[in-house]
Structures are given as C-alpha cells and as structure tokens.
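These numbers come from the heavy atoms of this one structure, side chains and all, not from hydrogens, waters or symmetry mates. Just so it is clear: chains get the letters A, B, ... in the order the sequence lines come, proteins before strands, and each one is counted from 1. Everything numeric in this text was worked out from a predicted model, so none of it was measured.
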Amino acid sequence: MESVIIVKYDFCRIERKWQERWEKDKTFAAITGDSRPKYYCLVEFPYPSGEGLHVGHPRPYTAMDIIARKRRMEGYNVLFPIGYDAFGLPTENYAINNHMHPRKVTERNIERFTSQLKMLGYSFDWDRCVDTTDPKYYKWTQWIFLQLYKHGLAYKSQMPVNWCTSCKCVLANEEVVNGVCERCGSEVVRREKSQWMLKITEYAQRLIDDLDDVDFIERVKIQQRNWIGRSIGAEVLFSTTAGDNMTVFTTRPDTLFGATYMAMAPEHKLIGKWAPLLENLNEVREYQAAAAKKSDFERTEIQKEKTGVMLKGVSAVNPVTGNEIPIFISDYVLASYGTGAIMSVPGHDSRDWEFAKKFGLPIVEVVAGGDVTKEAYTDFEKGVMVNSGFLNGLPVQEAIPRMIRWLEDKGLGKEQVNYKLRDWVFSRQRYWGEPIPLVFCEKCGWVPLPEDQLPLELPDVDSYEPTDTGESPLSKMSDWVNTTCPACGGPAKRETDTMPQWAGSSWYFLRYMDPHNDDVLVSKEAIDYWERVDWYNGGMEHTTLHLLYSRFWHKFLYDIGVVPTPEPYAKRTSHGMILGEGGDKMSKSRGNVVNPNEIVEEFGADTLRLYIMFIGDFEKAAPWSSTAVKGCKRFLDRVWNLAESPLIGDDYSAANESAIHRAIKKVGEDIESMKFNTAIAALMSLVNHFYDSKPSRGDIKTFLALLSPFAPHIAEELWEIQGFEGMACQQPWPEYDEAKTVEAEKEIAVQVNGKLRSVIVVPVDSEDSAVVAAACADEKIARIMEGKELVKSIVVKNKLVNLIIRPKN
RNA sequence: GCCGGUGUGCUGGAAUCGGUAGACGGGGCGGACUCAAAAUCCGUUGCCAGCAAUGGCGUGUGGGUUCGAGUCCCACCACCGGCACCA
C-alpha cells in the first residue's frame with residue numbers, strides 16, 4: 001500500500017474546546033423526572049488529598065464514564081455525579097503542620113481536584129457536585145445520626161477500643177488491618193473509652209441475606225459474608241460450684257460429652273463476682289492485668305503459646321456427663337465474641353488440644369475418625385459419635401440437632417447464631433469531622449438537638465492538635481461546649497467527639513439525586529425517580545468499610561421510610577490497582593508515582609483515558625508503562641490522519657461492512673462486561689482494517705460513535721470536521737446485524753489425529769462432508785494420508801476438522 | 001490455618017461452549033525516508049533443529065478424561081489479596 005504520513009493532531013486545543021462546549025451546553029445534565037428511562041452510574045467520590053489526582057483515580061472514573069456515555073447514546077437519562085469526601089485526618093494533619101484552617105486546605109484541594117477531573121473530560125453533571133464538609137451537606141449526615149439515635153441504634157458505651165497511637169484517635173474494627181492503623185500504619189493499642197456506637201450488628205442477618213438480591217461481583221459478596229461471619233451453634237448452660245451458671249457458645253454441641261474444661265476471657269464478669277471464692281486470686285489478678293496491657297495484635301498472635309490460669313475454688317459441671325471440670329481464664333478466649341466463655345473440647349478443637357496438652361488436661365475422643373492422642377480431630381463432614389451416651393453411633397451432622405433438642409428439653413441451652421461483626425465505633429477524637437449533635441445534661445442525660453437547630457456547625461478552634469488524653473480538640477472550646485439542654489433548659493455540655501470519615505460517604509449517593517434541597521435530605525420526587533444506584537464501581541479496599549456501612553445506613557433509611565429500596569446499589573463491580581512501573585505499589589516513598597497532568601500535557605487526555613483502559617484486565621492490578629502509553633497516542637494519530645480529510649459515501653463500504661458490524665458487536669459487549677482492553681483492541685483492529693481498505697464517510701461515522709465513549713474529544717472534533725449533525729456523544733449507539741458479522745468464507749483448521757497440519761478456506765456454513773472432502777483434497781493432507789485410511793472425522797462448524805487416520809491393513 | 005484470586009512469548013495482556021495458543025499494544029531486529037536523529041511507513045519477531053520445504057517442543061509442576069485440554073478432573077508448587085485464637 002502507499003505510504004501514509006501521519007499528521008499529529010493538536011489535542012491540547014481540541015480537548016479544551018470540547019470541555020468548554022460541554023460545560024457551557026450542560027451536555028451531561030441529569031434531569032429529574034425526564035421521560036427517558038433513568039440510569040444512575042456511580043464512582044466512589046475522591047478524598048481531595050493535598051497530592052492531587054493520581055493515575056489510579058482515572059481507572060474507575062474512565063470506566064464508568066464510558067458506561068455513562070454509552071447509556072446516554074442508548075437513550076437513557078443518565079445521572080453520573082461526582083463530589084468530595086473531604087472530612088478526614090490527612091487534611092487535618094496538613095492543617096496542623098502548616099497552620100492553615102482545614103476549611104481552607106479543603107477548598108484548595110477541591111479546586112485542584114476539580115480542574116484535574118475536568119481536564120480528563122468526564123461527563124459528570126457538575127451542578128450536582130457535593131462536599132461532605134459543607135454544612136448544608138453535613139446537616140443531613142447529622143440528621144441521619146439523630147434518627148439512628150432516636151431509633152436506639154446509636155448508643156454510648158464504655159468499652160475497650162482500638163486506639164491509634166499516631167492519629168491519637170479511636171478506630172473502628174474495620175479500620176484496623178494486621179494490628180495497625182489502616183490509614184497511617186501506626187501501632188494500635190487497646191484503651192477503655194466511652195464511645196458512640198452504631199448497632200450495625202442488628203442488621204447483620206439482613207446484610208447477608210440481601211446480598212442474594214443484588215448483582216455484586218462474587219468476591220465482594222464473599223468478603224462481606226466472611227466479614228460478617230455468621231455461625232450457627234448452640235448456647236449451653238453450665239452450672240458451677242459457685243452457684244452461678246456459665247453460658248457458652250459452641251458450634252459443636254455434638255462434642256459436649258468431650259468438654260473436659262472451661263475457659264473464659266480474662267475480662268469475664270463472673271471472675272469479679274467469684275473473687276472471694278478464689279484460692280489463687282493474686283495469680284488470677286496478675287493474669288488479668290497482663291492481658292489488659294497487651295494490644296489486640298499481641299493477644300491474637302497465632303504462633304504464640306497458649307497461656308492461662310486455673311480458677312482454684314470454683315469449677316463447672318458438664319451437663320451431660322455430670323463431671324466436675326476445671327475453669328481457666330485464658331486470653332485465647334475473646335471477651336467480645338459469643339458469651340466470652342467457651343466449653344473446651346480438646347479432642348476436637350486444635351486450640352483446646354494445645355491448651356490441654358500444656359496443662360495436662362484430659363483429652364476425650366467423642367468423634368471417631370482421627371487419633372486424638374496426636375492431634376485434634378476437627379472434621380465434621382465425616383465422623384461418628386463415640387463415648388457420647390445417647391449420641392453414640394450418630395454421624396456428626398445428625399448429632400448436632402439431636403444435642404440441641406436435648407438441651408432445649410432440659411432447659412440447658414438453645415440453638416444460637418453468632419456473628420463476628422461488631423458494632424461500629426463511631427466517635428473520633430479529632431476536629432475535622434461532623435460534630436455529633438447531642439448534648440449531655442446532668443438531669444436529662446443525653447439529649448438530641450432539635451432538628452431545626454441542624455446543622456450543628458464546627459466552631460473555629462485555636463488548635464486542631466489532637467491530645468494524648470483522648471479528648472477532642474473541640475473539648476477546649478468552652479464557649480461552644482457549654483450550652484443549654486434542649487429538654488429542660490438547664491446547663492448542658494455538647495458532645496465533643498466528631499463522626500468518622502465514613503459517615504458522610506454512607507449516604508452521599510442519595511444527595512446527588514437532589515443536592516440543593518434545604519428542606520429534606522432528598523425529595524420524594526427525586527428518590528422516586530432515581531430510586532437507587534444502577535451501577536456502582538469502586539475499590540475492593542472498601543468492601544468491609546464504606547460498602548458495608550452504606551448498605552447498613554440505607555437499610556435503616558429504608559426502615560424509616562426515607563428511601564424506597566432496601567439496597568442502595570443494584571450492581572457493584574471493582575477495579576484493580578494501578579501499580580508503578582516495576583510492579584510495586586505506587587507510593588511517594590518509592591518515588592514511582594505518575595502524575596496524570598504530565599501525561600495529559602505530553603499526550604492528551606484522550607490518550608490517557610485510552611491507555612488506562614487498555615493497560616490490562618480491568619479487575620486486576622496492572623503496572624504502569626511509560627513506553628506503552630505511546631501506542632495509544634499512535635493509534636489516535638492514525639485515527640486523526642484517517643478522518644480529518646474529506647471522505648465520500650454515506651453507506652458502509654463493501655470492503656469494511658462486515659468488519660464494522662463485528663466491531664459494533666465486540667465493542668458493545670466488551671463495555672458491558674468491562675473488558676475495555678479488548679474493546680479498544682477491536683477499535684485498533686478496525687482502524688488497521690481501514691488502512692487496508694479506505695473507509696467511506698459512513699464507515700467513519702460509525703467508528704467515531706464507537707470511539708466517543710473512550711476518547712470523546714477527538715471523536716467530537718472529527719465528527720464536526722466530517723460535518724455530521726449534532727455531537728458524537730449524543731448519537732444513538734450503533735446497531736449491528738448479526739448476519740453481517742460473519743464473513744463469506746472461513747479458514748478451517750485441518751487436524752490429523754489431533755495435530756494441526758493445514759488450513760483450508762471454505763464457504764461459511766459448509767456441509768460437514770464438503771469440509772472433509774476439501775480437507776482431504778488439500779495437498780499437504782493428501783500427502784499425509786497416503787497409505788492411510790480415514791477412520792473417523794470430527795467437524796466443528798466454521799472452525800476445524802479433525803481427521804482420524806490409521807495405517808491400512 | 002481458613003476464604004478468594006492468579007500463573008500464557010522479551011514485556012502488558014488476548015483466546016464464549018473444550019476446537020488454528022499468543023489477538024491488540026509495548027520492546028527488539030531488518031529495511032525505506034533523512035546529512036543525521038526523532039517521528040513516520042514497510043517487513044519480521046514463542047522456543048529448538050534445518051539453506052529451505054518441514055519437523056519437534058510449548059500456557060507453573062505431575063498425573064488423568066477426550067478425536068482434541070491454556071480451558072474439565074485429581075494431586076502438588078509459587079505468588080497476590082482478604083480474614084485470622086470468632087470456639
């Protein structure tokens with residue numbers, strides 16, 4: 001073919017031009033109440049950090065922008081909003097270090113983020129932008145908190161909590177990762193503190209059950225289910241020589257005959273009560289003190305040897321054997337799960353086995369199948385009960401319900417479900433968060449602010465510095481703290497802790513539906529129209545944080561009639577991380593962070609969008625490659641070169657028609673399954689095809705429509721140059737004709753005894769016999785078949801023929 | 001330990017149902033254009049043997065099912081993510 005000189009296009013001018021046009025025309029405005037079907041696409045709104053946008057951000061944003069743009073072309077009224085999750089520690093820390101008000105820091109960061117997001121040409125409806133730190137927004141965060149309080153789902157409780165030594169702040173369970181702070185990586189220790197808690201546990205079962213009704217990718221569902229950690233078992237009552245009953249939870253009631261000792265958490269309440277009876281009280285007290293000092297991380301370190309102290313003077317009675325068995329305190333029993341005490345069955349639980357070995361306690365086999373002298377036998381799929389009275393001979397699966405029935409009949413226990421999920425620690429001892437709208441009155445106790453006093457605004461303080469005493473910086477503002485009780489008018493004090501960062505993000509998707517409403521969180525009209533999010537993409541790291549929290553809040557709002565659906569998101573997908581060049585995580589300390597501004601300056605936004613989608617499987621992590629970006633720029637230059645000069649023919653050209661139909665099909669399907677990389681590969685192949693057979697104006701028209709969700713600026717400019725009507729992004733999504741996606745002739749692989757030997761070309765949908773005949777007629781095949789006979793042939797239509805041959809007798 | 005995921009050329013990654021492994025990019029090599037370089041264009045590029053035609057090998061390892069296995073089954077290995085004394 002003739003050699004072509006590629007003219008590089010002026011992306012800088014083109015991108016600015018179309019971004020201004022879209023903004024001026026409000027091209028992407030979502031219209032509440034519009035008669036078109038609605039579609040709500042959501043991305044996780046960013047935390048506007050001081051570092052600005054990072055190349056990780058555009059991956060999910062571009063993906064959902066492609067979906068949103070395709071939906072509009074398909075005729076939907078699309079809501080695709082953006083906002084800022086702006087409360088939080090990094091801003092506050094920056095403010096402290098640089099002596100700036102966090103409000104100012106936030107404003108500056110938001111401004112920077114906004115210009116960066118606009119630079120990438122996303123089709124957000126900017127008029128619906130929200131900011132969680134805006135009092136008009138957090139008024140409603142506080143309002144929801146008050147509803148939770150009024151419905152008994154928020155309570156204050158003195159309890160051991162996770163305390164981050166660096167942030168000087170408590171953390172929720174979900175925020176502690178491998179014993180360190182999820183945010184800063186510092187050590188987390190246990191502290192007794194009085195904290196506001198949200199009863200997410202009350203929703204544990206519904207949070208599991210309703211996963212069946214939503215279209216979330218499987219790994220998200222699995223991770224949430226595991227985190228909630230439901231287990232079914234039984235509560236069993238053990239009498240003790242002290243007169244009190246001890247209640248335990250077990251998932252293996254079938255092994256009750258094998259319970260040879262009891263173990264309770266060092267914090268267990270009965271220990272205090274039994275103190276006068278304990279012969280070794282000092283030893284017990286010492287153990288308790290030592291356990292209290294340890295961090296959760298130290299306590300739960302796996303490899304460490306089990307420790308414990310036997311309570312001398314009190315023992316328990318095994319209700320089925322009648323045997324008196326010793327009671328230990330040990331820190332391998334968690335105070336916060338089940339009843340804080342367990343029955344120990346060394347024969348069939350590896351932890352109990354280890355403990356029993358160390359303390360010389362009896363190990364009784366009650367399920368046959370293993371060798372309990374060597375290790376605990378824990379398989380409950382198979383195994384038959386022995387040494388177990390009325391259970392003898394039963395398989396485990398039958399013994400469990402039998403034992404539960406027995407316990408219920410005797411009033412000694414019942415079936416019980418437990419969850420690993422804990423209530424949500426909701427207070428933070430920091431400044432930059434939503435104030436908790438409650439006051440404490442000596443006479444009335446905790447009193448909620450009347451709703452007409454919301455928002456309770458954050459006061460300005462002299463110092464944002466967190467304190468080691470665990471008091472919020474707000475506590476020093478005595479003018480603000482001292483107030484009057486809304487109930488009795490007497491003196492009262494405000495709560496000085498603030499809400500965690502997860503508060504504002506637990507409901508933000510609702511505010512986008514009606515962002516400027518000062519009377520309600522979201523109007524009935526708006527919520528009835530937009531209903532819920534249709535497709536939400538976000539990071540896996542939020543699966544047991546934001547995603548779980550927001551499902552909980554939404555269920556609560558559903559229960560009180562604010563929203564019409566029990567689930568906030570119909571569909572949830574997740575993207576992989578963008579790694580640095582070498583495959584390491586991108587981080588400032590490694591010095592491998594790629595700034596999107598530099599890429600846009602050098603190659604343009606369309607190239608960045610295309611590359612970030614082409615980089616690899618959307619769901620998997622992918623390393624950045626500075627050389628590979630060029631490939632996408634080259635592609636766009638080739639597109640420009642092909643389409644910026646006049647073309648003729650408004651119909652598809654004969655030479656390209658089939659390729660175009662195939663591309664429409666492939667690109668459309670791949671977008672839906674988020675296989676953006678292969679969708680782009682299909683567009684590249686089509687362009688390669690166009691370089692072989694010159695495209696008509698009609699060919700290019702369809703191509704530009706397909707390209708426009710990925711590279712919207714260049715598509716728009718070429719659309720205009722070609723003189724097509726309207727904007728590319730407002731065209732109907734191209735349709736394909738299945739019949740035209742198939743070629744007239746097919747290459748058929750010819751195998752002999754399963755090995756590829758030749759390739760033949762036959763008309764599409766040829767009869768099997770014709771294919772076999774053509775294969776045998778092939779020169780190479782004929783040579784191989786010489787002296788052999790054909791025993792069998794297998795034909796896969798339009799793909800392959802396999803000839804089974806053997807030597808002639 | 002438990003739960004998920006992944007393993008394919010030099011490299012990022014493709015490959016509905018089991019049906020021509022390596023699409024589409026990057027990089028390399030050779031050539032054209034150029035005083036030269038960049039850019040661009042053309043060709044080539046899984047490995048081994050061979051001048052070639054061609055043959056053999058090849059999707060983490062070892063088995064199996066099948067006319068046919070990257071794909072299914074069994075047993076392993078390595079790496080990544082989540083949970084982690086939850087009774």
[M] and [N], which share atom name [atom1], separated by this distance in whole Å:
N       : M       : atom1 : value
rC10(B) : rC73(B) : P     : 29 Å
rA36(B) : rA52(B) : C1'   : 39 Å
rA14(B) : rU8(B)  : P     : 12 Å
rG1(B)  : rG18(B) : C1'   : 35 Å
rG46(B) : rG58(B) : C1'   : 8 Å
rU45(B) : rA23(B) : P     : 10 Å
rC17(B) : rG28(B) : P     : 37 Å
rA21(B) : rG30(B) : P     : 31 Å

Nearest to side-chain heavy atoms of [X], which nucleotide of [options]:
X       : options                   : answer
P623(A) : rG13(B), rA87(B), rG19(B) : rG13(B)
F614(A) : rC24(B), rG19(B), rG13(B) : rC24(B)
T250(A) : rG26(B), rG4(B), rA87(B)  : rA87(B)

Would you tell me if any nitrogen or oxygen in the side chain of [X] comes within less than 4.0 Å of OP1 or OP2 on [N]?
X       : N       : result
R638(A) : rC41(B) : yes
R634(A) : rG27(B) : yes
Y611(A) : rG25(B) : no

Write out a two-atom table: protein N or O, nucleotide N or O from nucleotides 56-59 of chain B, distance below 3.5 Å.
unit_1	atom_1	unit_2	atom_2	d
rG56(B)	OP2	R757(A)	NH1	3.2
rC57(B)	OP2	K755(A)	NZ	3.2

Donor-acceptor contact below 3.5 Å, side chain [X] vs main chain [Y]:
X       : Y       : answer
K358(A) : K306(A) : yes
N798(A) : V764(A) : no
S758(A) : V750(A) : no
K797(A) : S766(A) : yes

Rounded interatomic separation in angstrom, taking [atom1] from [X] and [atom2] from [N]:
X       : N       : atom1 : atom2 : value
L800(A) : rU66(B) : CG    : P     : 19 Å
L756(A) : rU20(B) : CG    : P     : 9 Å
I232(A) : rA87(B) : CD1   : P     : 11 Å

Taking RNA chain B as the partner, which of residues 673-689 of chain A come within under 4.0 angstrom of it by heavy atom?
-> K675(A), N677(A), T678(A), A681(A), M684(A), S685(A), N688(A)
Heavy-atom contacts under 4.0 Å between residues 660-672 of chain A and RNA chain B, which residues?
-> none
For the atom pair [atom1] ([X]) and [atom2] ([Y]), what is the distance rounded to the nearest 0.5 Å?
X       : Y       : atom1 : atom2 : value
I222(A) : I217(A) : CD1   : CD1   : 10.0 Å
L707(A) : D606(A) : CG    : CG    : 7.5 Å
I329(A) : M264(A) : CD1   : CE    : 9.0 Å
T62(A)  : R609(A) : OG1   : CZ    : 5.5 Å

Please work out whether rG60(B) sits syn or anti, treating a glycosidic angle within 90° of 0 as syn.
-> anti
If the glycosidic angle is within 90 degrees of 0 it's syn, otherwise anti, so just tell me which one rC17(B) is.
-> syn
Secondary structure string for RNA chain B (Watson-Crick or G-U under 3.5 angstrom, | for other-strand pairs) | (((((((..(((......[....)))((((((.......))))))((((....))))..(((((..]....))))))))))))....
Which pair of heavy atoms, one from Y736(A) and one from E669(A), lies closest together, and at what distance?
-> OH-OE2, 4.0 Å
With sugar-phosphate taken as primed atoms, P, OP1 and OP2 and all else as base, the protein-contact string of nucleotides 69-82 of chain B at under 4.0 Å (heavy atoms; B, S, -) is -------------S
Closest-nucleotide ordering on RNA chain B, the 5'-leading residue of D349(A) and S625(A) = S625(A)
Relative to the 5' end of RNA chain B, which residue comes earlier, A749(A) or N802(A), by the nucleotide with the nearest heavy atom?
-> A749(A)
Got a donor-acceptor pair under 3.5 Å from the side chain of K306(A) to the base of rC85(B)?
-> yes
Stepwise side chain to side chain donor-acceptor pair (under 3.5 Å) test for Y549(A) and E174(A) | CA-CA 10 Å; Y549(A) 293 151; E174(A) 288 81 1; 2.9 Å; yes
Ring-ring centroid check F603(A) Y611(A), cutoff 6.0 Å = no
Quick one: side chain to side chain donor-acceptor pair (under 3.5 Å) partners of Q416(A), sequence neighbours excluded?
-> K414(A)
What is the ring orientation for Y377(A) with H348(A), classed by angle as parallel under 30°, tilted 30 to 60°, or perpendicular over 60°?
-> perpendicular
Given W502(A), which of E175(A), H542(A), H546(A) fulfils the side-chain hydrogen bond (donor to acceptor under 3.5 Å, both in side chains) condition?
-> E175(A)
